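Some notes on the structure that comes next.
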Protein chains: 2
Amino acid sequence: MIALIYLVCKQQEVGGIRKVTMQDVAEKAGVSKSTVSQYLNERFEYMGQATKEKIKAAIEELGYQPNVLARSLKQKKTLTIGIIVANILHHFSTQITRAIEDYCHSHQYHVIICNADDQPEKEKQYIDMLRAKQVDGIILLPTGKNIALYRELEKQGYPLLFIDRAVEEINVHTIVLNNRDAAMHAVEYFYGKGHERIAMMTTPVHVSVRAERVRGYQEAVRLHQLPQMNEYLSTAPLENTEQALLQMMALSHPPTALLVGNDLVLIEILKTVRKHDIRIPDQLSLITFDETQFAELYDPPLTTIAQPAYAMGKKAAELLLKQINQQLDDEDQRSFVFQAEFLERESVKKLI
Amino acid sequence: MIALIYLVCKQQEVGGIRKVTMQDVAEKAGVSKSTVSQYLNERFEYMGQATKEKIKAAIEELGYQPNVLARSLKQKKTLTIGIIVANILHHFSTQITRAIEDYCHSHQYHVIICNADDQPEKEKQYIDMLRAKQVDGIILLPTGKNIALYRELEKQGYPLLFIDRAVEEINVHTIVLNNRDAAMHAVEYFYGKGHERIAMMTTPVHVSVRAERVRGYQEAVRLHQLPQMNEYLSTAPLENTEQALLQMMALSHPPTALLVGNDLVLIEILKTVRKHDIRIPDQLSLITFDETQFAELYDPPLTTIAQPAYAMGKKAAELLLKQINQQLDDEDQRSFVFQAEFLERESVKKLI
DNA sequence: GTGAAAGCGCTAACAA
DNA sequence: TTGTTAGCGCTTTCAC
């Protein structure tokens, strides 16, 4: 009687989709579940040719798809990593993500992409969610605010890697750009072209990247004894960019050169420049962090400090997977510093 | 003896990370697993205040994180959907993805993003992988090639939704742009400005979107009895864009206006234009599909056909979640057609 | 109000 | 060479 009811249930395809299970395959092939499992995991050592074929046929006939949830539960690994970007709107983030995806895909890992929108709260949510989903590791472009959480992960030995931004006192693998040097280089380049009143604009400096760029800028300015005015440094939020720039240009000695902190600020600046007829580079020379596709298409083409985003992402994925699989060599230092590439174009005017 | 060994194992934190399980919480709180489970699922009806607090304390003390894999296995749902984009490099894809992410996030769903790179093979791999991961549904920007697979999913009643591209004879929810109309509109706009030799460039037309745009273009050209030359239509692969454009411009009667099929081709065209000093709009007027951030910053600003990508993505997520939760109303048609927004800027010259 | 027990679909000893 | 069995961590019915 019970068997009969069971049969009936099996027939009626509850909810329209009845998932085929390993048990079904085993029955159809006339073998046991574990044999099917062996087959799926390619442990063919002792498996008879006939068995193999029966199983293969059964799988195809039933259109069986393994349930990786169950497998992951058992094996305690998901072959999945998470990546949390601080702000997906930065082109840099997209490129990093893509590099990581590519690398993981070629190593049979999957990637769950999350966007923290620069909100520490959201970052925390995503870290928790990824852990709940049992991902094998996390790549983080940290907001830098969830120190306690980072520390907890570090302590637990959870595979974690920071990219783009370092976090003081958290001792995990970190991949960054030498932002300070890059900013200094830009200032020196301006200086070499005869500029003295050099300004910098970026978004608020609460993350290490921006802070370092600002530091590099300031250091270089000091080094060359250029005019250091508070008015030459803007860290206004994105939506106040226009106002900030106009204010700068209205100074009695407005800057002749401007270092732009990232691609999002750049867009705002270019909008402003157009709207108010500020002439580039005659009136204002420009160098910007982040290479965007239109840097070379803009009129004039923009000199940029390009980050090797793809390479950085790839390295990140590589290191994280090594860490997950406990294959870290001694040569794998804790921290990798990439160098920016300076792409000289016509947005800087020669003054001397 | 056995108990002793078990204890020892529990102490030694195998591999550095020992996950805290519900059992641990239950023990510490002096209740049973099922009570903890009730607590976590907020089934408080009959739960004593004291019990609640003991459990809460135990959870915090142990830093317990539920394992959603186990839960999903049991509940047969993962609260996760997958999205497979045909080509992540299109700005349009990024925007759609973001919209879907936003909507899902606010509905406690998670999203796994995959990039098929325009390769049907990869698309198939990802569909299989997502199903293996037991995602509750899939949003697909289909390559259009895996017909058999699409049909299988349709037959199984698997929650599936197409966006951007329709697939003939596959009867699932579909969200598209009215590409034909948009292309016709562009041609008519050119015509209204006095252009007669109107060309179009896009990447190869094996997907419905591009095909429709081309059809719209051709129809409008025919309608207004404009010169129809094969040479005015290029569907060269991306890497041959430069060559194709130059060839067009070298015709004895080169086009005076060009409709560009998508943002990736646009970039190539603008590079070529710069390299070979083709004057926009004097020598060649331009309208392009896809609004990019630099369209209005380019010199001259580019007239674009903007897709309401965010709205489309949001609608997609909305429909798919409805479908998953079996809440489709009668008003939810199978197919949603969005209208493009025509953004008039200076890249079209008036000839009359 | 709470707990015992069965089971989700799979893997991995170990037995046969 | 293949099958038996005991779980992975959680949910859920039903008994207490």
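In the text below, chain A, chain B and the rest are named by the order of the sequence lines, each starting its count at 1. Predicted model only: the values in this text are computed from it and were never measured.
- Atom CD of B:Glu168 sits in a sparse spot, with 12 or fewer heavy atoms from other residues, nucleotides or ligands closer than 6.0 Å.
- Taking side-chain N and O atoms only, A:Thr35 has no distance below 4.0 Å to OP1 or OP2 of D:dT2.
- A 4.0 Å heavy-atom criterion places the boundary nucleotides of DNA chain C facing chain B at C:dG1 to C:dG9, written 5' to 3'.
- Ring centroid separation for the pair A:Tyr109 and A:Tyr103 does not come in under the 6.0 Å cut-off.
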Please determine whether side chain to side chain donor-acceptor pair (under 3.5 Å) holds for the pair A:Arg43 and A:Gln38, giving the CA-CA distance in whole Å, both sets of side-chain angles, and the decisive distance to 0.1 Å.
CA-CA 5 Å; A:Arg43 303 225 55 75; A:Gln38 314 259 52; 5.4 Å; no
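- Within the nucleic acid shown, B:Val68 has no heavy atom closer than 4.0 Å to any nucleic acid atom.
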Using atom names, set out every protein N or O paired with an N or O of nucleotides 7-9 of chain D below 3.5 Å, distance rounded to 0.1 Å.
from: D:dG7; atom 1: N2; to: A:Lys74; atom 2: NZ; distance (Å): 3.1
from: D:dG7; atom 1: N3; to: A:Lys74; atom 2: NZ; distance (Å): 3.1
from: D:dC8; atom 1: O3'; to: A:Lys76; atom 2: NZ; distance (Å): 3.4
from: D:dG9; atom 1: OP1; to: A:Lys76; atom 2: NZ; distance (Å): 2.5
from: D:dG9; atom 1: N2; to: B:Ala70; atom 2: O; distance (Å): 3.4

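- Regarding B:Lys77, its NZ atom lies at a distance of 18 Å from the P atom of D:dC10, rounded to whole Å.
- Legend: residues meeting side chain to side chain donor-acceptor pair (under 3.5 Å) with A:Thr97, ordered by chain and number and at least two apart, are absent.
- Under the side chain to side chain donor-acceptor pair (under 3.5 Å) criterion, B:His110 pairs with A:Lys133, sequence neighbours left out.
- A cation-pi arrangement is found for A:Lys52 relative to A:Phe44, the charged atom lying closer than 6.0 Å to the ring centre and inside a 45° cone about the ring normal.
- Considering only residues two or more places apart in sequence or on other chains, B:Lys33 meets the salt bridge (Lys or Arg N to Asp or Glu O under 4.0 Å) condition with none of them.
- Nucleic acid contact class of A:Ser72 (heavy atoms, under 4.0 Å, all strands): none.
- B:Asp128 has a carboxylate O that lies under 4.0 Å from a charged side-chain N of B:Lys124, or vice versa, which qualifies the two as a salt bridge.
- Within a 6.0 Å sphere centred on NZ of A:Lys122, heavy atoms belonging to other residues, nucleotides or ligands number more than 12.
- One finds the OG1 atom of A:Thr80 at 9.5 Å from the CD1 atom of A:Ile324 (value rounded to the nearest 0.5 Å).
- The main-chain N or O of B:Gly144 is found under 3.5 Å from a side-chain atom of B:Tyr150 such that the two form a donor-acceptor pair.
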Between the protein and nucleotides 13-15 of chain D, which nitrogen or oxygen pairs are less than 3.5 angstrom apart?
none

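- Between the P atom of D:dT12 and the CG atom of B:Leu40 lies a distance of 12 Å, rounded to the nearest Å.
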